[in-house]
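Every chain is numbered from 1, with letters handed out A, B, ... down the list of sequences.
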Amino acid sequence: MTAIPNNTSPARLAGAAILALLAALALFGPLLVPGDPFGQSLVKSLGGPDAAAPLGYDHLGRSLFHRLAHALRLSPAIALGAVATAGAAGLILGTWAAAQGGWVDRILATLADALLALPGLLLVLIVLAIMPGTAFGFWAGLSLVLWVEFFRLTRATSRAVLASPAVEAAQLLGFGWPYIFRTHLWPEIAPVMLTAAAFGTATAIMAIAALGFVSVGMRAPTPELGLMMVELLPYWREAPSALLTPVIATFALLMGLTLLAGSRET
Amino acid sequence: MSLLQLNEISVHDGATQLIAPVSLTLEPGVPLIILGETGSGKSLLAQAVMGTLPQGLTARGRITLGKDALDPAQPARFRALWGRRIAVLPQEPWLSLDPLMRAAPQIAETHHLVRGLTRSDAAAQAQKDLAALDLAAVGQRYPHELSGGMAQRVAIAAARAGGARIVIADEPTKGLDAARRDDVARLLLDALGRDGGLAVITHDLALAQMIGGQIIIMREGKVVEAGQTSAVFAAPTATYTRDLIAADPAHWPARSTLSMPVPGLAPAAPVVAAKGLSLSRGGQRLIEDLDIAVHPGRVLGITGPSGCGKSSLGDVLLGLLAPDAGAVTRAPGLPRTALQKLYQDPVAAFPPRRALGMTLADVAALHGARAQDIPAQMERLRLDPALLNRLPGAVSGGELQRLALLRVMLARPAFIFADEPTSRLDPITQREVITLLRKVATEDGVAVVLVSHDMALIDKTADRVVRLGLGGQEQAPVLQDAFAG
Amino acid sequence: MTILLNRLVQAAMVAIIVGVSTFAMMRALPGDAAYRIAAGRYGYDNVTAAAADAVRAELGLDAHWFPALLQWLGDLVRLDFGVSLVSGQPVMQEIVHQLGASLWLALAAVGLSLLMGPPLGILAGLRPGGLLDRVLLVVSTGLKSIPQFLMALILILSVQMGWLPAAGYGQSRHFILPALALALGLAAVNARITRDAMARITEMPFYRFAGWKGLRHGQVLRRHGLRNVAVPLLTYLGLQFVTLIEGVVVIETIVGWPGIGHALVHAVFARDVPMVQGTALVLGLGFVLINTVIDLTVRRIDPRGRT
């Protein structure tokens, strides 16, 4: 079983390349240039790049390079965790609803419809208020929001596949559920899931950044993309490049994911 | 004077010639038929005449329309002729009407925008057109509320409202059963009149014979035979034409059922039998109190118009669908997998992203077949082993249907329900597949139920025939027993 | 009337989800919730133990969680949202006040996005693979990768550079900045939806047949293209509404627009549970209402759904 899509378009490859570059920066950057994302040095406030801080310093004299690398680990990690949870839940519930039909299907579909009516950010905010720990809260809230899309896609695809002559023929031939899932359902669901996973990751990263930006997400001094932007916003005239650092990183991250997702019709 | 003349028209894809130069003439009052299978180039020829060739393809030669000479290499200029000089009847009339617009306005807009009538005159004229086609009452319906036949007539009226004298009909009987096909032939001949032009592009031999006139037969981009339709059918000269006509089920040799004993089987008990079967679909009773039985090595044919419940009956026999009333009994000790099915569209019956060889190997493994069973069956069904490496979408319909038969045989079935297995195949391939199915049934003692809308095919293939009527209890199915007569 | 029934069930589910989640939020309030709520109502100086006890009894904070939840949901069904813990005003009154401002912003954003996206989408869809189509693909992919808050940030900086009027509420031209920030993202997506629908429709037999009848390109587009494109576009706009609300929440907070999104974020920040509940419910039910209207409109245009 493999989720690698057989249509590797240039756009998808470009997206994967951008993401690989950002991942390398986040994971290996601090190994090449050791440093501390929290260490302050007010003398260097908004200072330019030097050997210890290749991207310069923020308003508190912290190394932007190390804060960025840290931020590029944090939100993608939370996002991937949430997408993995949501994807697994959506896949299981979606195939279950499609295969079972009847009440199970109706109840799950109604629940998904209702969640669809509520803005995702709002649900995340409420879960954040309930859960202890911001990162954990984000993971739980985003999982709660994101499973709906996976569920809907899996359910729609499974329904179409399960109603097809191919599955009827397989059943008549005596094949059981595991075989039908492996050879009929999964090859159709996997490409759709990959696209949805890329979009879901982008949505999650955007949500974390947006809430950070309006000061209700991650809390200072945690390096987080949205939070970094709002912290550096007052100094945009003095140090435009400092503000641009998280802005460009966020844009590149989301662009990479959008390109990797490919067309939504697939 | 001829209405339309094609002079050495050829179609090219870059340097490749797709259609060799064709010349023909369309005379008033004399229909012209272009007959060929899928891929014969008949549709490309029509597209060259209409200026609608797909991007990248070019046409050469000369077209004379009345007094005007046209260059098919400049298709953009053809648009001005559409509706005014040449009317085109689309393949699928249902899909050719705007789903969001009522029927009458779709005719009226042609009168208004193409012929320049005022809105109210156009509406009145549309109503007149509809009345002439016995459709006066349906003008305010939306396309999805029309029957297929009604949609076809609305499309004809809309296509011809622009005043064109020449009508080109592209596969007008695609997917229609025999009764509807006759209606279409009549409609087309009515539309032709005394001085109109009619060109029909089709693969349907019966339609061609009903339309008459002149015919050209195409194969692989070349005209293989041309002449008067009746003369060509009476005495075909080209080998291909002869094969084509011989492959038409109407020309198959009649089966003499009694001369074919079932080897190794005494007068056996039925494999599957149904008693007092009743079946409804969408609130309509389709089958009432039907008794049938299928015996080993025998073929039971079921025929009837589309929507008569043929496929549902099969699902009941297979145990996939519960009947409203009646009981289905199967021979004792029959495993669940002894009941198998062949599908109308074999592409949809295989997992689309798995190589055919892998799918077959899975089935063989599941049923404990030996590895050499597949090559042996491949040879029996005259299949090239190289096909096993391909995906279902990459082999021809005839090959895939034979592979589907092979797959079913690996499960060692006692009963096969074949649901229109050849309706999407050309006649020559159809004959081959049906012959093989028949052969397998006889040799392996499998009971077969063969469903087809083609009565000739059923009559020539089946040992017994069940004819189903269309809906309503008054049209109870007639059971014709081939043994009784 | 199955549409109305389905939407009614959806609305009920929305209310239950909002009720249960805000109830959980209430229970998870740090510290003594009763004191905080009482302080919210009467002012910090006037909180007495008795007042806190009264609140505790009223909201059933001491009770077992299940009867308390039932009471909570019961209040919700009666549309009794209580009073804001921060301002002491009835939640309903506050929301009614803020809703108008948000509606104007949302309408302006949708209006602007419809002026930009669909016309470009139609032109691109008429010539798939053409220059405009390719440019539009690149631009919309780029725009989709800019989160709404970032778009607002970019526009705020443009204001600072003197290209656009400054943020604030009241003057009509101040609509431009927040509405544009929202509209660009919406337009990027609805241009793609329109483009795909248009490209699909030009391939349909009925579209080709309209040409064969003798209609000119423009006539075919007007009579058979636009209405058919409108159906998927409208359906999509209904779903896009939820993105719009999210955008409204973020953008209002950034530019200080006194709308419901702004209020929501502040309520969450201040743990003002009754306000959170009220605003969440209004947003969720608003989504259901708008989609009901869209369902009914689509049914008017497209007869196939009616049976």
*Pairs of heavy atoms under 4.5 Å with chain C: top-ranked of A:G226, A:A202, A:G120*: A:G120
*Within the distance-only criterion (no hydrogens, no angle test), does the side chain of C:E246 pair as donor or acceptor with the backbone N or O of A:L121 below 3.5 angstrom?*
yes
*A:L122 CG to C:S21 OG distance, which is reported to the nearest 0.5 Å*: 7.5 Å
*Examine whether an atom of A:L111 lies under 4.5 Å from a heavy atom of chain C, and if so say whether it belongs to the side chain, the backbone or both; otherwise answer neither.*
both
*Mind checking whether A:L254 and C:P147 have side chains closer than 4.5 Å, heavy atoms only?*
yes
*Residue pair A:M229 / C:F149: nearest heavy atoms and the distance that separates them*: SD-CE1, 3.7 Å
*Search all heavy atoms of C:V242 against all heavy atoms of A:L116 and return the closest pair with its distance.*
CG2-O, 3.5 Å
*For the atom pair NZ (C:K144) and CE (A:M255), what is the distance rounded to the nearest 0.5 Å?*
10.0 Å
*Output the residues of residues 274-281 of chain C for which the shortest heavy-atom distance to chain A is under 4.5 Å, in residue-number order; output 'none' if no such residue exists.*
C:V276, C:A280
*What is the minimum heavy-atom distance between A:F213 and C:L153, and which atoms define it?*
CZ-CD1, 3.8 Å
_Can you tell me which portion of A:L115 sits under 4.5 Å from chain C's heavy atoms? Options are side chain, backbone, both or neither._
both
*Quick one: closest heavy-atom pair of A:I126 and C:M25, and the distance?*
CG2-SD, 4.2 Å
*Can you say whether C:L285 sits under 4.5 Å from chain A via the side chain, the backbone, both, or neither, judging by heavy atoms?*
neither
*All side-chain hydrogen bond (donor to acceptor under 3.5 Å, both in side chains) counterparts of C:Q240, not counting sequence neighbours*: none
*asked:* With a 4.5 angstrom heavy-atom cut-off, is it the side chain or the backbone of A:A207 that approaches chain C, or both, or neither?
replied: neither
_If I compare all heavy atoms of A:T110 with all of C:M13, which pair ends up nearest, and what's the gap?_
CG2-CG, 3.5 Å
*State the CD1-CG distance between C:I17 and A:L118, to the nearest 0.5 angstrom.*
6.0 Å
*Which bit of A:A210 is near chain C, if near means a heavy-atom gap under 4.5 Å: side chain, backbone, both or neither?*
both
*Are more than 12 heavy atoms from other residues, nucleotides or ligands located less than 6.0 Å from atom CH2 of A:W236?*
yes
*Spatial distance of atom CZ (A:F251) from atom CG (C:L150) [nearest 0.5 Å]*: 9.0 Å
_For a quick test of reading the model, state the closest non-hydrogen atom pair linking C:T141 to A:L259 and the distance between them._
CG2-CD2, 3.9 Å
